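Because the structure is a prediction, the values reported are computed rather than measured.
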Amino acid sequence: MKQINYQKLRDQGVPVPYDASGRKKIRCPFCSDRRTNKRDKSLYINFDTGVARCFYCDWKFYFAEDDDWKSRHHSTGNFKPKYKQTNYCRPGMEDKTTNKSAGQKELSENLKNYFISRCIPLAVVQSMGITEQEEWMPETRKKENTIGFPYMENGELVNRKYRDGVKNFKLISGAELIPWNIDSICHTSECVIVEGEFDLLSYLAIGRTDVVSVPNGAGSNLTYLDRFIESHFEKKQVIYISVDTDSRGMQLRDELVRRLGEDRCRIVTYGDHCKDANELLVKQGSEALREALAQAHDIPLEGVFTAGDVADELKEFFHNGLQPGATLGMGKLDYLLSLETGRLLIETGLPGDGKSEVLDEIAIRLNLRYGWRAAYFSPENFPVSLHLQKLMEKLVGKRFKEGVMSPLEYETAVDYLTENFIDILPEEGYSVSVILNKAEALVRRRGIRVLFIDPYNCLEHQIPAGQSETQYISEFLELLRSFARRKKVLVVLAAHPTKLKQDPVTHRFPVPTMYDIAGSAAFFNKADFGIAIERDRDAGVTRIHVQKVKFRHLGQCGKASFKYNMFNGRFIPFEEPCTPGLRDPEVVWDNTNWLAEMQNINEEQSQRELFEK
């Protein structure tokens, strides 16, 4: 058993007694105040392993007192590996004629009455293969009587979801996540997407069969949709989004619209007194649900808004204020810069000062911390294998060399990169329109959230006759900014400065500003974020100068210093001495394997499996 440091947990604002043991479930100090249900105990603490984790906001923290805790926590913060598992397990042996397994029984009268009370006909329940059985549940840590929802694909059982009487859920550990009832929309021109099984059953009750439910409730991680986009959603003419009206439901709605396209999505609403489809069915009947579907509204016209169109966002700001964006876990830089999708970040720096290395670190940290997939247009990193080599060294913490990086580490990194990073090198040319078209397809098919264009001068620029370079650059940057907002993607553009004058005394070049980028002051004016990279070779320090943050809740101007780890390409936060000549503070080099963090927890399993038996 690990040595537990309770004070580390208390320092994070988690009030726990010093003699606590086992597993505890308490309110999360980071998200409970901004939630509708402020009493929900979403923070699970495992005092045996030294891990705390909130299953609502996904905050994680190690508080075990082990030898490498400092370097691991200092370098990786709350990183959470997310990569695709291909060898999924399947539920236990099933009787193909009855779709039942050991322990399942006929529906009890109590359960039948429960479905009837929710206005779900028993014929619908039977047609979906819903079962009843006792199942061990991680939240209660004992066997409970549960409802079993079979997740089928092509007539075969892929997963099974269990729900007990107090709305605790469990999926089969290690089984693939797929939408429930996915076979029903294989060849339809329309479909309805709902948030839960009872909402899906409600639509079946009114005769609508082309309905699927997300497998794991609300949220913005829709990686389970990836392999169904082309086969089941690509040719849909209309997609109805019928999810809950709480904040988590809105998050799911927005990500579905982003992935599937505003032009064909319709939003179903339920009036002022109902939060989902089943509640509307129970309170007002079948005709009310049919009418809600028939009156589903289009996404508001792009660029045209009323207060009602942004009512949910406005209410969130009113109650909780403006929240910071995504941080990188890079020391002082987190105080200066937090990132959002829908924004344009422009980076500059002298040749050889590490602009691409910094962008790679940003990409990896955003993905490990938040699951943001990235697409690269980076011809200077050709062939692609050379770029992947650098990314793998940052991930694994070792040189890309046989005998140093193990075969398992190599294969794990390849799988991870395959799942989360895509390179764009189109044969039809390198114009901005071609790149953005490819990126838009990747939003739909792979759910990318970051687009890197590195550098600006590798794009094919054709300035129309009669237009100045300044006008062209302004329109070019507006294209990037418009794409970022429409597709809710963070667009990152690297651009070289003009030739700067060397100081005749120190023989050093000044730190370039965004106004020094060749061509136009629009590089500063159009950017939401602006950073400049400086490599001080004499001091052995790389500095990231934050030169523009458009919105103050996302950061402020300033600089953060780093030491560059030659062994694996990582940037280590470093506090430079205030007085020249003083000895540099000791640097704790990070050579840990970021993909093996969190004690080799398999992130493809159910989120709550960490605290199961």
For the residue pair Phe452 and Phe377, is the inter-centroid distance of their aromatic rings smaller than 6.0 Å? no
So that I can tick it off, tell me whether [Y] and [X] are bridged by a salt bridge, with the cut-off set at under 4.0 angstrom between side-chain N and carboxylate O.
X: Glu440; Y: Arg444; answer: no
X: Arg259; Y: Asp226; answer: yes
X: Lys398; Y: Glu393; answer: no
X: Arg570; Y: Glu361; answer: no

Could you pull out all donor-acceptor pairs under 3.5 Å where a side-chain atom in residues 326-338 meets a protein atom, sequence neighbours excluded?
{"residue": "Thr327", "atom": "OG1", "partner": "Arg369", "partner atom": "NH1", "Å": "3.0"}
{"residue": "Thr327", "atom": "OG1", "partner": "Tyr370", "partner atom": "OH", "Å": "3.4"}
{"residue": "Lys332", "atom": "NZ", "partner": "Lys559", "partner atom": "O", "Å": "3.1"}
{"residue": "Asp334", "atom": "OD1", "partner": "Leu328", "partner atom": "N", "Å": "3.1"}
{"residue": "Asp334", "atom": "OD1", "partner": "Gly329", "partner atom": "N", "Å": "3.1"}
{"residue": "Asp334", "atom": "OD1", "partner": "Met330", "partner atom": "N", "Å": "3.4"}
{"residue": "Asp334", "atom": "OD2", "partner": "Gly329", "partner atom": "N", "Å": "3.0"}
{"residue": "Asp334", "atom": "OD2", "partner": "Met330", "partner atom": "N", "Å": "3.4"}
{"residue": "Ser338", "atom": "OG", "partner": "Gly325", "partner atom": "N", "Å": "2.9"}
{"residue": "Ser338", "atom": "OG", "partner": "Leu554", "partner atom": "O", "Å": "3.0"}

Indicate the ring-plane relationship of Phe524 and Tyr515, choosing parallel, tilted or perpendicular according to the 30° and 60° boundaries. parallel
Restricting to salt bridge (charged side-chain N to carboxylate O under 4.0 Å, His left out), what partner residues turn up for Arg445, sequence neighbours left out? Glu230
Residues passing the salt bridge (charged side-chain N to carboxylate O under 4.0 Å, His left out) test with Arg537, sequence neighbours excluded, are Asp353
Compute whether any side-chain donor of one residue and acceptor of the other, for [X] and [Y], lie under 3.5 angstrom apart.
X: Asp590; Y: Asn565; value: no
X: Asn381; Y: Lys390; value: yes
X: Asp516; Y: Thr498; value: no

Side chains of Ile473 and Glu469: does their closest heavy-atom pair fall under 4.5 Å? yes
Nearest-0.5 Å distance that lies between atom CG in Asn420 and atom OG1 in Thr223: 9.0 Å
How long is the gap from SG on Cys557 to CD1 on Ile531, to the nearest 0.5 Å? 12.0 Å
Trace of the side-chain hydrogen bond (donor to acceptor under 3.5 Å, both in side chains) decision for Glu534 with His545: CA-CA 8 Å; Glu534 175 200 8; His545 298 261; 2.7 Å; yes
Trp372 six-ring face occupied by Arg365 cation (under 6.0 Å, within 45°): no
Go through the steps for Tyr376 and His387 under the test ring-ring contact (aromatic ring centres under 6.0 Å, His included), then give the verdict. CA-CA 10 Å; Tyr376 274 91; His387 185 211; 4.5 Å; yes
